[in-house]
Amino acid sequence: MSRSLIWFRRSLRIDDLTAFRHPVEMGHHIACVVVRDSKYRSGDGSFASRTNLYDHAIGSLAADLESLGGKLLLLDGNPDVEILTFLAKNAITDIWFADEIEPDGIKRDAKVKAEAEQLGVRVHVCQDQYLFAPSTFVTGTGKPYSVFTPFKKRCLAQLPPRPTDAPTNIKWLDIDGQTVSASMQTDIDGHCAMNTPAAYEHFTRFCGRDIEHYDEMRNFPAVDGTSRLSAHLHLGVVSPRRLLHQALAIGGEGASTYVSELLWRDFYAQILFHRPDTTHACFQHQWDTLVWQDDAEHVSAWMEGRTGYPIVDAAMRQLNTTGWMHNRLRMIVASFLTKDLLIDWRIGEAYFRSHLLDGDLASNVGGWQWAASTGTDAQPWFRVFNPVSQGAKFDPDGAFVRTWLPELQNVPDKFIHAPWLMSYSEATWLDIKLGHDYPNPIVDHGVQRLKALEMFKKVTLTREPS
Ligand SMILES: Cc1cc2nc3c(=O)[nH]c(=O)nc-3n(C[C@H](O)[C@H](O)[C@H](O)COP(=O)(O)OP(=O)(O)OC[C@H]3O[C@@H](n4cnc5c(N)ncnc54)[C@H](O)[C@@H]3O)c2cc1C
């Protein structure tokens, strides 16, 4: 009799999960397990909120398994040690898990695979976390894709398989032990609940109402125009294959843009898989010699949302309060940190990853290196976002800024993204003391832009001729 263990790490669902469906279809007796790694549970602040999201996700996975007559076993400790002990103790013949693309996870899985095989256990690594395995596509020269558009074309020419429902008629192994308590949270701080049925319901609503205009509305932070399922995708509570096929079936500009965004997620995953060094080194190595500024006061002002640029400050305060930031704002604040304050992208990347509820190594490093012009962006390094014009374009009536900066509530629209342009009498009439109620800009964008260009140009001039 084959005794299969399904090890859940991310991909915390049973819908469209190859690692769950295959052993059931092969008639194996199965058990399901998660390992709670103490290393990742000691954080505070948003790290703690992320741990909560994970706990919600495994609670709802446990509920889904219970509805099929099973349970979710819980091990505490170092994952590789715990899993290998479990395999030996319970005479497991096969272990199944979804593939991992983060460098630490790849190392851990290689160790588990080698040692499990020594125990005589068959190891099955399934492709479930992304649309495609990160090694699926390479360019004509055999290299991984470093430009998004050709990557997207290649993916769309070979779609991932259609999603499959969770199997029923499961033969469960009877193994005693601590289990995850089944729970189905209904709401998480403005996010859709962290369970598969709620997330699909939310997505179906998004498809019925918002996806048609997604290509236009996705840029406005005051509008609820995006799917807000990035944390669910990160934990694998939803299947990216199901979202992709549902969006493709709708068609139109909005759905097609949505599909592109899903593919950006795969794009950055394959970059991280092929270039694990990009967590700390620049994707384009030439920029490793950039000399960033070291200004603790500027870094704190950026983190705390007191730079004097309203769109930046509102975004950072939203992040600090809720663990969420709109994509347009992520681009603006990342550009501001790297191109206005000239601070190393790695500082912003680490801050985002510890504060975002959807913090994801591949997408975050990809997004930061894109914004800092050290990554895969096809645009040249001299693109610098202007925080005032970006604010005016994407938050034209200042609705987003006013939500997070109540001190600017009464500022007229024409000054909302540049309150320092108000005259003393205008500010006095509005009862705002600039520099006291709200900071004056800590840097001058025009001056800093030139400094950024100089900083990048210096590197290009000192580069060895090839
Ligand atoms: C500096 C920076 C840092 C970022 N850090 C993260 C991060 O840690 N985790 C994360 O999930 N996303 C990150 N992103 C990408 C993007 O901002 C979020 O995925 C998006 O805002 C999530 O909102 P949504 O689910 O409503 O997205 P939607 O607009 O509904 O998009 C659908 C899905 O596509 C994926 N997606 C969309 N845009 C991107 C993108 N640019 N790169 C990769 N995937 C994308 C997400 O999984 C998203 O849920 C970052 C972007 C930037 C510029």
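Because the structure is predicted, anything quoted here is derived from the model rather than measured. Along the sequence shown, residues carry numbers from 1. All ligand and atom numbering here is 1-based and tracks the order in the structure.
Protein heavy atom in closest approach to atom 24 (P) of ligand 1: Arg228 N, 3.4 Å. Looking only at protein heavy atoms, the nearest one to atom 43 (C) of ligand 1 is Ser363 OG, 3.5 Å. Among protein heavy atoms, atom 23 (O) of ligand 1 sits closest to Trp324 CH2, 3.0 Å. In terms of protein heavy atoms, atom 30 (O) of ligand 1 is closest to Ser227 OG, 2.5 Å. Nearest protein heavy-atom contact of atom 40 (C) of ligand 1 is Trp264 CB, 4.0 Å. From the protein, the heavy atom lying nearest to atom 31 (O) of ligand 1 is Tyr214 OH, 3.4 Å. Scanning the protein heavy atoms around atom 16 (C) of ligand 1, the nearest turns out to be Asn327 OD1, 3.3 Å. Atom 8 (O) of ligand 1 has as its closest protein heavy atom Asp360 N, 3.0 Å.
Atoms of ligand 1 lying under 4.0 Å from at least one heavy atom of Leu356, given by number and element, are 5 (N), 8 (O). For ligand 1 and Tyr258, the ligand atoms under 4.0 Å from any heavy atom of the residue are 30 (O), 32 (C). Set against the non-hydrogen atoms of Leu233, the atoms of ligand 1 under 4.0 Å away are 47 (O), 49 (O). The contact set between ligand 1 and Leu262, taken as ligand atoms under 4.0 Å from a residue heavy atom, comprises 34 (O). For ligand 1, the atoms lying closer than 4.0 Å to a non-hydrogen atom of Gly359 are 8 (O). Those atoms of ligand 1 with a heavy atom of Arg265 less than 4.0 angstrom away are 43 (C), 44 (N), 47 (O).
Looking only at atom types and distance, the side chain of Ser183 has no donor-acceptor partner in the side chain of Ser181 under 3.5 Å away.
For Tyr309 and Trp302, the ring centers are positioned 6.0 Å apart or more. Within the 6.0 Å centre-distance limit, the rings of Phe206 and Tyr258 are counted as a close aromatic pair. Less than 6.0 angstrom separates the ring centroid of Phe137 from the ring centroid of Phe132.
Aromatic ring orientation, Trp381 versus Phe456: parallel (interplanar angle below 30°, classes split at 30° and 60°). Below 30°, between 30° and 60°, or above 60°: for Phe267 and Phe151 the angle between ring planes is between 30° and 60°, a tilted geometry.
The option with the heavy atom closest to atom 38 (N) of ligand 1, from among Gln369, Glu261, Arg330, is Glu261.
A distance of 3.5 Å separates OG1 of Thr307 from CG of Asp313, quoted to the nearest 0.5 Å. Atom-to-atom distance recorded for Leu233:CG and Ser227:OG is 7.0 Å, nearest 0.5 angstrom. Here CG of Asn78 is found 10.0 Å from CZ of Arg108. Values are rounded to the nearest 0.5 Å.
Close N/O approach between Asp358 and ligand 1 is found [any backbone or side-chain N/O within under 3.5 Å]. Ligand 1 has a nitrogen or oxygen under 3.5 angstrom from a nitrogen or oxygen of Asn364. Close N/O approach between Leu229 and ligand 1 is found [any backbone or side-chain N/O within under 3.5 Å]. Considering backbone and side-chain N/O of Tyr268, none are found under 3.5 Å from N/O of ligand 1. Residue His326 has no N or O atom closer than 3.5 Å to an N or O atom of ligand 1. Ligand 1 has a nitrogen or oxygen under 3.5 angstrom from a nitrogen or oxygen of Ser230.
Using a non-hydrogen distance threshold of 4.0 Å, Trp345 does not register as a contact of ligand 1. Residue contact annotation: Gly366 has no non-hydrogen atom under 4.0 Å from ligand 1. Note on ligand 1: His234 sits outside its first shell, no heavy atom being nearer than 4.0 Å. Between Arg218 and ligand 1 there is no heavy-atom distance shorter than 4.0 Å.
By the ring pair (Phe, Tyr, Trp, His ring centres under 6.0 Å) test, His124 pairs with Trp96, sequence neighbours left out.
Glu407 and Arg317 are joined by a salt bridge, as a carboxylate oxygen and a charged side-chain nitrogen come within less than 4.0 angstrom of each other. A salt bridge is defined here as a Lys NZ or Arg NE, NH1 or NH2 lying under 4.0 Å from an Asp or Glu carboxylate O, and Arg242 with Asp16 fails to meet this definition. Remark: Lys458 does not engage Glu454 in a salt bridge, criterion side-chain N to carboxylate O under 4.0 Å. Between Asp128 and Arg241 there is a salt bridge, with a side-chain nitrogen of the basic residue lying less than 4.0 Å from a carboxylate oxygen of the acidic one. At a threshold of 4.0 Å, the pair Asp395-Arg328 does not count as salt-bridged, since none of the basic side-chain nitrogens sits closer than that to a carboxylate oxygen.
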